[in-house]
A.B. asks: 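Dropping a structure here in structure tokens format, bear with me for questions.
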Amino acid sequence: MALDKGRESNETAGAAMSRKRMWLITAGVMTGMFIAALEATVVGTAMPTVIASLGGLNHYSWVFSAYLVTSTVTVPVWGKLSDLYGRRLLYQIGIGVFLLGTLLSGLSTSMTQLIIFRAIQGLGAGALVPLGMTIIGDTFTIQERAKMQAYFSGVWGFSSIIGPVIGGFITDQVSWRWVFFVNLPIGVIAALIIGIALKEPVRDRKPKIDYAGAVLLMTAISLLMLAMVEGGSGGLFSSQNLLIFLASVVLLVAFVWVELRAADPIIPFDLFRNRTISIAVIAGFLGGVAMFGVISFIPLFAQGSLGFSATEAGSLLTPLMLTWVTMSVVGGRLLLRVGYKPITIAGYAVLTLGFILLAMVDRDTNRIWLYADLMLIGAGLGFSMLTLLIAVQQAVERSKLGIATSLNQFSRSIGGAIGVAVMGAVLTASLATELKRSAAESGPLTEQQAIEFSSNPNALIEPEAKSALQPEVLSVLQTALARAIHPVFWVGAFMAGLGLLVVTFLPREREEEKSVDGERLIMAEQTNINARNQPVASE
């Protein structure tokens with residue numbers, strides 16, 4: 001491909017947007033992404049202190065669940081609204097809602113308040129990443145976006161490493177409330193930069209908003225997420241959860257019916273006629289299952305089976321994140337030479353191999369081998385995730401860029417929620433079987449202990465409960481968990497392998513790209529970018 005000539009044509013295309021302004025926009029987007037990424041890691045460190053201050057241990061998980069649900073269900077709505085009203089306005093509104101929830105979270109006086117305010121924070125967080133990537137898609141050519149993967153991947157990698165450190169330091173030295181307050185000035189700076197640097201055409205037509213579709217979609221996905229996150233009072237397949245699933249399905253059917261009749265639907269179903277979009281959404285879903293699966297269950301395996309401390313277990317993900325960042329950069333460079341399809345296939349192939357090897361680890365596995373395997377999984381994620389995003393952005397016209405970019409992240413988040421819930425159910429069933437078998441072998445584990453631990457395996461993680469166990473019993477429990485978690489990683493391997501099969505059907509390039517060489521394509525794209533960034537007078 002001749003896409004590496006894009007920078008020369010970018011400089012000679014008579015850019016209406018200066019390079020300084022383009023990099024200011026990038027700085028604003030990266031700052032917004034940073035506070036979203038930091039929020040995902042910094043709060044967990046402070047939660048034990050928060051509980052000691054506010055109480056409400058029984059509602060602990062909802063501090064995270066409320067944020068996860070609202071930040072997921074709003075993603076496609078933010079994307080669609082940005083197509084209708086412009087990126088700058090919606091991005092600033094998103095930051096405003098996020099900062100409001102952040103401020104209120106820091107001022108909370110009860111766990112109930114904190115949960116409600118975290119939900120508000122999540123409403124705004126749903127805008128930060130997808131709209132940020134949409135703004136970048138509007139501003140830069142494909143060549144520049146591919147090379148800029150280093151910056152955006154670096155934001156996530158950097159925040160994943162320093163987040164727990166910052167959270168612990170602020171909580172110990174100042175107050176847990178400043179874990180939230182520290183985001184306020186950073187968010188204001190991001191909003192100001194985007195407000196000053198990003199200029200968009202004046203829109204002279206009043207958009208039609210699909211209110212019914214938005215409400216149905218968010219309600220249906222909220223119910224689905226609640227069922228996935230909480231698993232109901234009696235487990236994933238309890239009668240309560242099945243009713244929630246049924247309600248979600250009914251609302252999704254109603255959503256499809258409304259969308260097919262809407263003048264300007266929240267999710268235009270004609271998008272899925274584009275093979276790149278439909279395959280990317282399916283692959284993103286399957287990749288999300290694998291990605292969130294390893295992030296959720298590797299620390300459990302390390303603490304519960306290998307005897308790692310919480311800090312050591314968390315550090316296991318550091319090489320994964322660093323390799324993810326590095327391979328995102330490498331993949332972006334290779335994308336310009338060989339196209340997105342080979343890179344994505346390579347990513348899912350490496351991801352599948354990584355999960356197959358992970359499913360074979362046991363308590364005797366060398367720690368270096370485990371680190372190497374996690375680096376392999378990180379490499380697979382790095383090659384595939386942002387490459388799919390660029391493929392999606394190249395496959396749609398500008399008027400649908402926001403919703404297409406949002407669907408890419410939305411599918412991954414939904415896949416993660418469903419995948420973690422299914423993997424959790426697999427682990428529960430497998431652990432009960434392993435403990436029952438261990439008790440039947442007339443070892444140190446009694447049948448009563450097997451029943452107790454299968455319903456509450458926290459004794460393998462909580463230091464006080466673990467120290468109260470006899471060494472022989474602890475060893476049996478750790479071995480049982482190691483065996484029980486193998487099927488979980490096989491589920492991840494299956495999903496990654498299915499994703500590999502799916503991405504083989506990606507088109508190699510868009511039909512319109514076949515008739516021009518890379519330089520002409522970049523010049524045409526940059527000309528379009530310049531034109532659409534010039535203000536257009538209203539009639």
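Here, residue 1 is the first one in the sequence, and each next residue gets the next number. Here the structure is a predicted model, which means the values were calculated and not measured.
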A.B. asks: Looking at every non-hydrogen atom in both residues, tell me the closest pair between Leu123 and Val97 and how far apart they are.
C.D. replies: CB-CG1, 4.0 Å
A.B. asks: Is any side-chain heavy atom of Leu388 less than 4.5 Å from a side-chain heavy atom of Leu506?
C.D. replies: yes
A.B. asks: Less than 4.5 Å apart, side chain to side chain, heavy atoms only: is that true for Ile403 and Ile267?
C.D. replies: yes
A.B. asks: Within the distance-only criterion (no hydrogens, no angle test), does the side chain of Ser71 pair as donor or acceptor with the backbone N or O of Gly122 below 3.5 angstrom?
C.D. replies: no
A.B. asks: Are any non-hydrogen side-chain atoms of Gln409 and Thr405 less than 4.5 angstrom apart?
C.D. replies: no
A.B. asks: If you look at every heavy atom in Val75 and Pro130, which pair is closest and at what distance?
C.D. replies: CG1-CG, 4.1 Å
A.B. asks: Around atom CZ of Phe272, are there more than 12 heavy atoms from other residues, nucleotides or ligands closer than 6.0 Å?
C.D. replies: yes
A.B. asks: To the nearest 0.5 Å, what is the distance between CE (Met33) and OG1 (Thr26)?
C.D. replies: 10.0 Å
A.B. asks: Heavy-atom distance under 4.5 Å between the side chains of Ile25 and Ile135, does that happen here?
C.D. replies: yes
A.B. asks: With Lys341, which residues qualify under salt bridge (Lys or Arg N to Asp or Glu O under 4.0 Å), at least two apart?
C.D. replies: none
A.B. asks: Looking at every non-hydrogen atom in both residues, tell me the closest pair between Ala379 and Val350 and how far apart they are.
C.D. replies: CB-CG1, 4.3 Å
A.B. asks: Any chance you could lay out the side chain to side chain contact (heavy atoms under 4.5 Å, CB included) test for Phe383 and Thr344, step after step, and finish with the verdict?
C.D. replies: CA-CA 6 Å; Phe383 271 136; Thr344 307; over 6 Å; no
A.B. asks: Which pairs would a plain distance check flag for residues 213-224, meaning a side-chain donor or acceptor within less than 3.5 Å of a matching protein atom at least two apart in sequence or in another chain?
C.D. replies:
{"residue": "Thr219", "atom": "OG1", "partner": "Val215", "partner atom": "O", "Å": "2.7"}
{"residue": "Ser222", "atom": "OG", "partner": "Met218", "partner atom": "O", "Å": "2.6"}

A.B. asks: Give me the atom names and distance for the closest heavy-atom approach of Ala212 to Val258.
C.D. replies: CB-CG1, 4.1 Å
A.B. asks: Closest heavy-atom contact between Asp210 and Ile266?
C.D. replies: OD2-N, 3.3 Å
A.B. asks: Salt bridge or not for Arg398 and Asp83, using N-O below 4.0 Å?
C.D. replies: no
A.B. asks: We want to know whether Gln121 and Arg118 form a side-chain donor-acceptor pair, criterion being a heavy-atom distance below 3.5 angstrom.
C.D. replies: yes
A.B. asks: Just checking, is any N or O donor in the side chain of Arg87 or Ser82 under 3.5 Å from an acceptor N or O on the other one?
C.D. replies: yes
A.B. asks: Does Met111 reach the side chain of Ile115, with side-chain heavy atoms less than 4.5 Å apart?
C.D. replies: yes
A.B. asks: Nearest 0.5 Å, please: how far is OG in Ser328 from CZ in Arg333?
C.D. replies: 13.0 Å
A.B. asks: Kindly determine whether Trp324 and Met385 satisfy side chain to side chain contact (heavy atoms under 4.5 Å, CB included), including the steps that lead there.
C.D. replies: CA-CA 10 Å; Trp324 187 342; Met385 292 302 170; 4.1 Å; yes
A.B. asks: Which distance, rounded to the nearest 0.5 Å, do you find between the CG of Leu114 and the CZ of Arg177?
C.D. replies: 9.0 Å
A.B. asks: Salt bridge (charged side-chain N to carboxylate O under 4.0 Å, His left out), that's the test. Do Lys400 and Asp270 meet it? Break it down for me.
C.D. replies: CA-CA 11 Å; Lys400 295 179 180 178; Asp270 60 350; 3.1 Å; yes
A.B. asks: How many angstroms lie between OG1 in Thr139 and CE in Met22, if you round to the nearest 0.5 Å?
C.D. replies: 6.5 Å
A.B. asks: Say you draw a straight line from CG of Leu386 to CE of Met327; how long is it, rounded to the nearest 0.5 Å?
C.D. replies: 13.5 Å
A.B. asks: Is there a side-chain contact between Val256 and Phe269 (heavy atoms, below 4.5 Å)?
C.D. replies: yes
A.B. asks: Would you please name every residue forming a side chain to side chain donor-acceptor pair (under 3.5 Å) with Thr109, sequence neighbours left out?
C.D. replies: Gln113
A.B. asks: Ring-plane angle category for Phe98 and Tyr67, please: parallel below 30°, perpendicular beyond 60°, tilted otherwise.
C.D. replies: perpendicular
A.B. asks: Which atom pair, heavy atoms only, marks the closest approach of Ile120 to Leu104?
C.D. replies: CD1-CD1, 4.4 Å
A.B. asks: Would you check, one step at a time, whether the test side chain to side chain contact (heavy atoms under 4.5 Å, CB included) holds for Tyr91 with Leu198?
C.D. replies: CA-CA 11 Å; Tyr91 192 75; Leu198 183 60; over 6 Å; no
A.B. asks: Going from CG on Leu128 to CE on Met133, what distance comes out if it is rounded to the nearest 0.5 angstrom?
C.D. replies: 13.0 Å
A.B. asks: Hey, does Trp178 have a side-chain heavy atom less than 4.5 Å from the side chain of Ile166?
C.D. replies: no
A.B. asks: Less than 4.5 Å apart, any side-chain heavy atom of Phe255 and any of Pro265?
C.D. replies: no
